[in-house]
There are 4 protein chains.
Amino acid sequence: MSPRKTFERLPLAKKERVLEAALHEFAQHGYGGASINRMVERAGIAKGSVFQYFGDKEGIFAAVFSHSLHQVKNALRRIRDDADDTDIFNRIERVFHTGLAFTQNHPLVYRLYTHLITASDIPQRDLLLSSLRSEGKFFLGEILQAAMERGEIRSDLPMDEALFLLEAVMDRFLMATVMPCLESDFLHESSPKDRVRGFIRILRHGMAPEKP
Amino acid sequence: MSPRKTFERLPLAKKERVLEAALHEFAQHGYGGASINRMVERAGIAKGSVFQYFGDKEGIFAAVFSHSLHQVKNALRRIRDDADDTDIFNRIERVFHTGLAFTQNHPLVYRLYTHLITASDIPQRDLLLSSLRSEGKFFLGEILQAAMERGEIRSDLPMDEALFLLEAVMDRFLMATVMPCLESDFLHESSPKDRVRGFIRILRHGMAPEKP
Amino acid sequence: MSPRKTFERLPLAKKERVLEAALHEFAQHGYGGASINRMVERAGIAKGSVFQYFGDKEGIFAAVFSHSLHQVKNALRRIRDDADDTDIFNRIERVFHTGLAFTQNHPLVYRLYTHLITASDIPQRDLLLSSLRSEGKFFLGEILQAAMERGEIRSDLPMDEALFLLEAVMDRFLMATVMPCLESDFLHESSPKDRVRGFIRILRHGMAPEKP
Amino acid sequence: MSPRKTFERLPLAKKERVLEAALHEFAQHGYGGASINRMVERAGIAKGSVFQYFGDKEGIFAAVFSHSLHQVKNALRRIRDDADDTDIFNRIERVFHTGLAFTQNHPLVYRLYTHLITASDIPQRDLLLSSLRSEGKFFLGEILQAAMERGEIRSDLPMDEALFLLEAVMDRFLMATVMPCLESDFLHESSPKDRVRGFIRILRHGMAPEKP
DNA sequence: AATGAATGAGCATTCATTCAT
DNA sequence: TATGAATGAATGCTCATTCAT
C-alpha cells in the first residue's frame with residue numbers, strides 16, 4: 001500500500017500529533033539538524049512507523065511543508081474574502097494584523113519558513129520557496145495594483161520597490177513576534193496595534209517633513 | 001598556556017586560512033550541520049589542532065563570529081567616518097550601497113548572520129544576536145536622531161517604527177543579494193542603484209498621493 | 001488449520017506468483033539479502049499473508065527450495081526415461097544438453113543452487129545440499145555403473161573420481177551459462193554443442209597422445 | 001591524512017587482526033550479509049575505526065580482496081618457480097597439491113572467492129573476477145600450451161575445452177576441501193593424494209577402454 | 001605545540017515479525 | 001483468511017571529542 005495512504009488513514013489525533021512533532025523538530029533545528037529520533041519520541045510512535053508513513057526524511061519534510069502551506073493558504077484566503085472596499089492602507093493594516101494572528105497561532109510554521117529561506121540543505125528548497133513566494137507576492141501585488149488603479153497611491157510610485165518594501169516590513173514584523181530575541185527591548189513598549197499604525201503612517205506619508 | 005593564546009600566536013596566513021575554512025563551513029551548513037572534518041580538510045590542519053585552538057565546536061563558532069563581527073564593525077566605522085554633512089536620505093542611500101558592497105565582499109559573513117537569525121541550535125545565540133543588533137540599531141538610530149534634530153524628518157514620525165522599517169528594508173535588500181532565490185524575477189530588471197533610489201523615494205515621500 | 005495447508009489451497013495462479021516472486025528474490029540477493037518487502041510487492045500480496053503461508057523467512061526459503069527441487073527432479077526423470085540403449089558418452093552428451101536446456105529455462109533455480117553452495121547463512125543448508133547432491137550423484141552414478149557393467153569404460157577407472165569429475169565439469173559448464181562473467185571471452189567463439197562435444201572427447205580419450 | 005595510510009601504519013598484529021576479522025565476516029556471510037558490527041567486535045576495535053581505515057564497506061571489501069589476491073599470487077609464483085622439467089601430468093598433479101595446501105592454509109580466502117563467483121551484490125565484482133581469472137587462466141593455459149608444444153598432449157585436443165575442464169576439476173576439488181558438505185560421504189574413503197592421482201589418470205587416458 | 005588514531009553516541013534507513021481488525 | 005499498521009533491533013555511516021605520541 002502506498003505509504004502516504006497509510007498516514008492519511010490514521011486517526012486524526014495521531015496524524016496531528018505526528019505532524020506537530022515533525023514541524024516542531026524541523027522548526028527548531030532546521031532540516032539537516034532535525035533528528036527523527038527526537039521526532040518519534042515526541043510523537044510517541046515507533047521509529048519505523050515514520051518511515052512507513054513518509055518514506056524518508058525528505059518525505060517527512062514534504063508532508064510538514066505541505067500541511068503548513070495549507071494553513072497559510074487558508075489564512076490568505078480569509079483575508080482575500082474580506083471586503084476590499086476600503087482604502088489600501090486600511091487593507092494593509094488588516095493584513096498585518098491577520099499575519100500577526102497567524103504567526104501567534106502557528107509560530108512553528110513561521111519558523112519553518114525562515115529556515116526555508118536561510119538554509120541550503122532543504123531538499124526541494126527552490127521549488128518550495130518559489131511556490132510560497134508566488135503565493136505571497138501575488139497577494140500583496142494584487143492589493144497594490146488595485147490601489148494604483150483607484151488612485152490611492154501616487155502615480156509615480158515604483159511598484160517593484162514598493163512591493164519589496166511591503167514584504168520586507170511585513171516579514172520582519174512577523175519574524176520579530178516569533179523570535180523575541182530580535183526585539184530585545186522595545187517591543188514591549190508599545191502595543192502591536194500601535195506599532196502597525198506607526199508603520200502604516202510612514203508608508204503612507206513618508207518620513208520627510210511635509211512641504212509647506 | 002591559554003589555548004586561545006595559542007591560536008593568536010599563529011602565523012597570520014594560517015590564522016586566516018583556519019578562520020576562512022570555519023566561516024565557510026558554518027555559513028554553508030549552519031551550526032549543527034557544520035562538519036569539523038570538512039573544516040580541517042579545507043584548512044589543511046590537523047583535527048586535533050582546532051580543538052587545541054578553540055576548545056570545542058562552540059569555541060570555533062565563537063571565534064568565527066567574533067572575527068566576522070569585527071569586520072562588520074570596521075565597515076560601520078568607515079561609514080560613520082564619512083562626512084555626515086548631507087541630508088539623511090542621501091546618507092541612507094550611501095548606507096545601502098556600503099552594505100551592498102559589504103555583502104558582496106563578504107557573502108559568507110552575511111550568510112552566517114542569517115543562520116544566526118533562524119537557527120536555534122547556536123550556542124549563545126541570543127547573546128550574539130543582541131550584540132549584533134545593538135551595533136546596527138545604534139548606528140541607524142544615531143542617523144535618525146540627528147536627522148530629527150536637524151528637522152530633516154517630520155516631527156511626528158514614530159521613531160521606533162521608522163528605525164525598524166529601515167532595518168527591515170536594509171536587511172531584506174542585502175539578503176536578496178546574497179540568496180538569489182529570494183528575487184525570483186525582477187532583481188535583474190533594474191540596477192541595484194535604481195532599486196535603492198526607489199526605496200529612498202518611498203521612504204521619503206510615502207506611498208500616498210500628494211495632497212493638492 | 002495448518003498454515004502450509006492454507007497456501008496449498010490457494011488458486012494455482014496466485015501460488016505460482018508467490019513462489020516466483022520468492023524465487024526471484026532469493027536467487028537475486030541470496031538468503032540474507034532477500035527482502036520480504038520486495039517479495040510481497042512483486043507478488044502483489046499483503047505482507048502478513050506470506051507469514052501466514054510460510055511462518056517465517058526460513059519457511060519461505062524451504063518452500064522455494066522444495067518447489068525448485070521438484071522441477072529438477074522432473075527434469076532428471078525425463079532424462080532417465082530416455083532410451084538408455086546408447087553408449088555412455090552419447091548419454092552424457094545428452095545429459096549436458098538437457099542440463100543446459102534446464103538452466104536456460106530456469107536460470108533462477110540454478111542461481112538459487114549456487115547460493116546454496118556458497119552462502120553459509122542459509123538455514124538447513126547442509127541438509128538441503130546433501131538432499132540435492134544425493135539426487136544428482138545417484139543419477140550420474142547409475143549411468144557410470146551401467147557403463148562399467150557393459151564394458152563401455154575401462155575396467156581400472158577410479159569410479160569415485162570419475163563421478164566427481166563428471167559432476168565438476170557439468171556444474172561449471174552450467175554455471176558459466178548462467179553467469180556470463182565466468183566465460184570472459186571464448187564462450188562465444190564456439191557453440192555450446194561444439195563445446196560439449198569437446199568435453200566428451202577429452203573425457204573419452206584423455207589428453208595424452210595415443211600410444212603407437 | 002589518507003585513510004588507507006592510517007591503516008598501513010598500524011602495528012602489524014593489529015592489521016592482521018582487522019583483516020582476518022573482515023575476511024572471516026565476508027567469507028562467512030557474503031558481501032551484503034556481512035555485518036560491520038560483528039567485524040569490529042571480532043577485531044576488538046571501535047566501529048568508527050574501520051571507517052577511518054577503509055572509508056566504507058566497499059573499501060573494507062577491496063582491502064580484504066587485495067590482501068587475499070596477494071596471497072594467491074604468492075602461491076602461484078611459488079608453483080611457477082618450480083622446475084618445469086617434468087611431464088605436464090606431473091605438473092598438474094603438483095598444482096593440485098599446491099592448491100590443496102593453499103585452501104587448507106587459507107580456507108577463508110577460498111570461500112571469499114566462491115562468494116565472488118556466485119554473489120551479485122559485490123561492488124566491483126566483474127572487475128575483480130576478471131582480474132582473478134586472468135591470473136588463473138593464464139597460469140594453467142601456459143602449462144597446457146607448453147605441453148602441446150612438447151607433444152605431451154594429443155595434437156587434436158580442443159584447448160579451450162581442456163582448459164575449462166582442468167579449471168573445473170581443480171575448482172571443484174578445492175571447493176570440496178573447504179566446504180565438507182559437498183563431499184558428504186566418500187572424501188574420507190581415500191586420501192587426497194590418491195584422489196588427485198585418480199583425476200590425473202582420467203585426464204591422461206580418458207574413460208574409454210583402450211583400443212586393442 | 002601539533003598530530004592523527006581511537007572512540008562510541010548518534011544519524012537515517014531497512015528489516016523480519018507480530019497482531020488487531 | 002487476509003490485511004497492513006506497528007515495532008524495535010540492526011544496518012552502514014558520520015560525528016565531535018579525547019589523548020598518547
Side-chain angles (χ1 to χ4, degrees), chain A residues 1-3 5-7 9-11 14 32-40 44-60, chain B residues 1 3 5-7 9-10 14 32-40 45-60, chain C residues 1 3 5-7 9-10 14 32-41 45-60, chain D residues 1-3 5-7 9-11 14 31-40 44-60:
Chain A
M1 169 132 322
S2 147
K5 266 289 180 63
T6 298
F7 180 68
R9 292 181 181 174
L10 250 41
K14 187 170 186 178
S35 157
I36 296 182
N37 280 356
R38 281 189 297 246
M39 262 177 50
V40 298
I45 61 173
K47 198 152 142 198
S49 297
V50 83
F51 288 92
Q52 197 141 55
Y53 300 154
F54 306 112
D56 56 9
K57 200 181 186 182
E58 290 198 18
I60 311 174
Chain B
M1 170 142 322
K5 270 291 174 68
T6 300
F7 179 68
R9 294 186 180 174
L10 250 38
K14 188 169 183 181
S35 158
I36 296 182
N37 279 358
R38 283 189 297 250
M39 262 177 48
V40 297
I45 62 171
K47 199 149 137 205
S49 298
V50 83
F51 285 90
Q52 194 133 51
Y53 301 153
F54 307 111
D56 58 8
K57 201 180 185 182
E58 291 195 17
I60 311 173
Chain C
M1 169 140 325
K5 269 292 177 60
T6 301
F7 179 68
R9 293 184 181 173
L10 251 37
K14 186 171 185 180
S35 157
I36 297 182
N37 279 359
R38 283 188 297 250
M39 263 177 47
V40 297
E41 188 172 8
I45 62 171
K47 200 148 136 204
S49 299
V50 83
F51 286 89
Q52 195 132 49
Y53 300 153
F54 307 112
D56 58 7
K57 201 181 185 181
E58 292 196 17
I60 311 174
Chain D
M1 168 131 325
S2 146
K5 266 289 180 65
T6 299
F7 181 68
R9 293 181 180 174
L10 250 41
K14 187 169 186 179
Y31 180 78
S35 157
I36 296 182
N37 280 356
R38 283 189 298 247
M39 263 178 47
V40 298
I45 61 173
K47 199 155 142 194
S49 297
V50 83
F51 290 93
Q52 197 141 58
Y53 300 153
F54 307 112
D56 57 9
K57 200 181 185 181
E58 289 198 20
I60 312 174

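In this text the structure is predicted, and so the values were computed from the model without any measurement. Every chain is numbered from 1 and lettered A, B, ... according to where its sequence line falls, protein lines coming before strand lines.
Of the listed nucleotides (dC15(E), dA6(E), dA2(E)), dA2(E) has the atom at the smallest distance from the side chain of T6(B). Taking only side-chain atoms of S49(C), from C-beta outward, the nucleotide of dA2(F), dA2(E), dA12(E) with the closest atom is dA2(F). Ranking dA1(E), dT13(E), dT7(E) by closeness to the K57(A) side chain, first place goes to dT13(E). Nearest to the side-chain atoms of S35(A) among the listed nucleotides dC13(F), dT3(F), dA12(E) stands dA12(E). Nearest to the side-chain atoms of K14(A) among the listed nucleotides dA16(F), dT3(F), dA6(F) stands dA6(F). The nucleotide whose nearest atom lies closest to any side-chain atom of F51(A) is, among dT13(E), dA1(E), dA5(E), dT13(E). Here the nucleotide nearest the side chain of I36(B), chosen from dC13(F), dA16(F), dA5(E), is dA16(F).
The minimum heavy-atom distance between K47(A) and V40(A), with the atom names listed, is CA-CG1, 3.8 Å.
Distances shown here put a side-chain N or O of N37(A) below 4.0 Å from the OP1 or OP2 atom of dC11(E). Side-chain N/O atoms of Y53(B) include none lying less than 4.0 angstrom from OP1 or OP2 on dA1(E).
Separating the CG atom of D56(B) from the P atom of dC15(F) is a distance of 17 Å, rounded to the nearest angstrom.
Nucleotides of DNA chain F nearest to Q52(A) and Y31(D) differ in position, and the one nearer the 5' end is that of Q52(A).
For Y53(A) (side chain) and G59(A) (main-chain N/O), no donor-acceptor pair under 3.5 Å exists by modelled atom type. Looking only at distances, no side-chain donor or acceptor of K14(D) sits under 3.5 Å from a matching main-chain atom of I45(D).
Evaluation of atom-type donor-acceptor distances gives a pair under 3.5 Å for the side chain of K47(B) against the base of dT17(F).
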